[in-house]
2 protein chains.
Amino acid sequence: MFVLCMENTDNNFESSSDTRNRLLYAAEKLFCQRGFEGTSVRDITAEAGCNIAAVNYYFGSKEKLYEELFHMRLSEKIQGHMKTIEQVCARPDATLEDLLRELVRPTMESALRGDTWSRVVRFLVREALHHRFGRDKIAEELIDKFFERLAAAFRQLLPGLEKRAAWRAVLTFESLVMHPILFFEMYDLVLPGFTVKEITEQIVRVGAAGLRSCLKGTAE
Amino acid sequence: MFVLCMENTDNNFESSSDTRNRLLYAAEKLFCQRGFEGTSVRDITAEAGCNIAAVNYYFGSKEKLYEELFHMRLSEKIQGHMKTIEQVCARPDATLEDLLRELVRPTMESALRGDTWSRVVRFLVREALHHRFGRDKIAEELIDKFFERLAAAFRQLLPGLEKRAAWRAVLTFESLVMHPILFFEMYDLVLPGFTVKEITEQIVRVGAAGLRSCLKGTAE
DNA sequence: ACAAGATTAAAACAGTTGTTTAATATGCTC
DNA sequence: GAGCATATTAAACAACTGTTTTAATCTTGT
């Protein structure tokens with residue numbers, strides 16, 4: 001989904017009012033901890049140190065606040081990862097492993113650090129599984145563009161890869177990256193003392209071998 | 001996680017009182033639709049056609065009702081899948097592809113049909129990401145046993161696979177299976193008209209190639 | 001210094017939440 | 001039929017929900 005788009009640029013609310021930004025920051029923190037329904041407007045305003053009415057004053061409603069947060073974080077990180085793909089694909093000697101590694105490593109570092117973005121991903125997946133807010137056109141478009149770019153990159157690095165096979169490859173790669181982010185507590189139980197490097201290399205190795213196997217296999 | 005454990009035995013609440021069973025069934029339906037927090041005790045009792053007090057009378061609390069549902073469904077399906085592994089591994093000519101396929105196909109059929117168990121998986125993942133109820137010892141033990149059996153099966157079908165590599169393989173395989181269940185609406189957007197067979201063969205092909213690549217690769 | 005607008009504050013709004021109470025109904029054994 | 005445990009009911013409980021209102025305060029330009 002949107003997991004692959006990530007950087008380490010935490011908490012860069014820049015524009016407009018101060019309490020407005022404190023509200024965004026507090027909401028992000030609490031939403032990630034307790035989910036959308038589990039967080040009350042009073043919780044948010046208390047964390048932000050302002051009055052209950054502030055949420056409705058600045059955002060109109062609790063849902064609108066969520067939407068703004070969502071779109072902000074998503075487009076931030078999509079842009080970052082598009083750039084990574086461009087950079088790797090521009091190198092004439094780039095391999096499939098190079099691309100996978102450069103996409104996976106920072107993601108896994110973020111997940112193990114448990115920093116903002118990995119918490120945000122979990123929160124967004126949680127709410128997406130809920131599809132409380134229906135289909136989000138803006139998000140869909142962003143994700144679609146990112147997937148399209150990634151599929152093209154796969155076809156460049158894996159000559160002969162059919163179009164539909166490339167789309168399948170994108171989804172498969174997403175599977176491999178999403179899982180550790182969502183369940184990394186379990187990883188620590190199953191693979192005690194696992195490192196960023198171990199999990200990154202596992203995904204790169206399996207991803208590369210798996211994607212290459214899409215070349216020859218019968219499509220359907 | 002617990003995705004791999006699934007059968008098509010829907011709605012077999014057998015024991016005890018009638019309204020108690022109707023409560024379990026109604027709660028499962030509504031929890032899957034709207035989540036735990038999104039479902040009120042009044043919703044459940046209305047769906048079950050009984051009084052509001054019934055939930056607390058039979059289960060003590062809304063949370064206890066959730067726990068009973070959770071453990072029931074989980075152990076049901078874990079058992080079913082353990083049996084599948086036994087059956088495949090007993091065949092002298094069994095291949096890795098055979099095992100993966102027999103584990104994946106019914107899972108994908110269930111997900112595409114959108115039947116009870118796939119909805120339950122989504123619900124459980126949603127709540128697990130929330131870790132509202134802390135670590136569940138019963139669930140952890142069940143999952144651990146299943147993972148252990150699956151790792152052993154991988155080592156049988158892939159001679160030379162190291163122990164830790166087998167654990168990594170289990171998690172990786174789980175990644176591949178979990179993703180389509182959680183996001184199969186997206187699959188329909190990215191791969192229009194995709195079939196159970198296409199997605200099953202993709203997972204089996206990538207899974208087998210990926211797992212075999214764990215044989216020679218440097219572990220860490 | 002004063003008016004205009006943006007921002008904060010306390011309080012109340014109308015609903016909903018999970019749970020409990022006390023009363024009633026039902027089915028059973030003796 | 002009395003006694004008893006189980007099951008069901010309507011009503012009330014206190015706490016919490018997102019939002020709105022109304023008033024007070026602060027900031028800014030003139």
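As the structure is a prediction and not an experimental result, all values here were calculated from the model.
When the side-chain nitrogen and oxygen atoms of Thr19(B) are compared with OP1 and OP2 of dA7(D), none of them lie within a distance under 4.0 Å.
Protein atom CG of Leu23(B) is 12 Å distant from nucleotide atom C1' of dT8(D), rounded to whole Å. For the pair Phe59(B) CZ and dT20(C) P, the interatomic distance rounds to 16 Å; values are reported in whole Å.
Ring orientation note: the planes of Phe70(A) and Tyr66(A) are close to parallel, at an angle under 30° on the 30°/60° scale.
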What one-letter contact string describes nucleotides 10-25 of chain D from 5' to 3', where B marks a base within less than 4.0 Å of any protein heavy atom, S marks contact via sugar-phosphate atoms alone, and - marks no contact? B-B----BBBB-----
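Summarising the geometry, atom CD belonging to Glu109(B) is positioned 10.5 Å from atom OG1 belonging to Thr195(B); distances are rounded to the nearest 0.5 Å.
Side-chain contact between Asp136(A) and His71(A) is present, with at least one heavy-atom pair separated by less than 4.5 Å.
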Show me the donor-acceptor pairs within less than 3.5 Å that the side chains of residues 47-57 of chain B make with the rest of the protein, sequence neighbours left out.
| unit_1 | atom_1 | unit_2 | atom_2 | d |
| --- | --- | --- | --- | --- |
| Glu47(B) | OE2 | Lys29(B) | NZ | 2.9 |
| Asn51(B) | OD1 | Ala53(B) | N | 3.0 |

For residues 144-154 of chain A, which side-chain donor-acceptor pairs fall under 3.5 Å, sequence neighbours excluded?
| unit_1 | atom_1 | unit_2 | atom_2 | d |
| --- | --- | --- | --- | --- |
| Arg149(A) | NE | Glu86(A) | OE2 | 2.6 |
| Arg149(A) | NH2 | Glu86(A) | OE1 | 3.3 |

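Residue Tyr58(B) has its side chain nearest to dT8(D) when only dA9(C), dT8(D), dT7(C) are considered.
No hydrogens or angles considered: a donor-acceptor pair under 3.5 Å links the side chains of Gln202(A) and Thr172(B).
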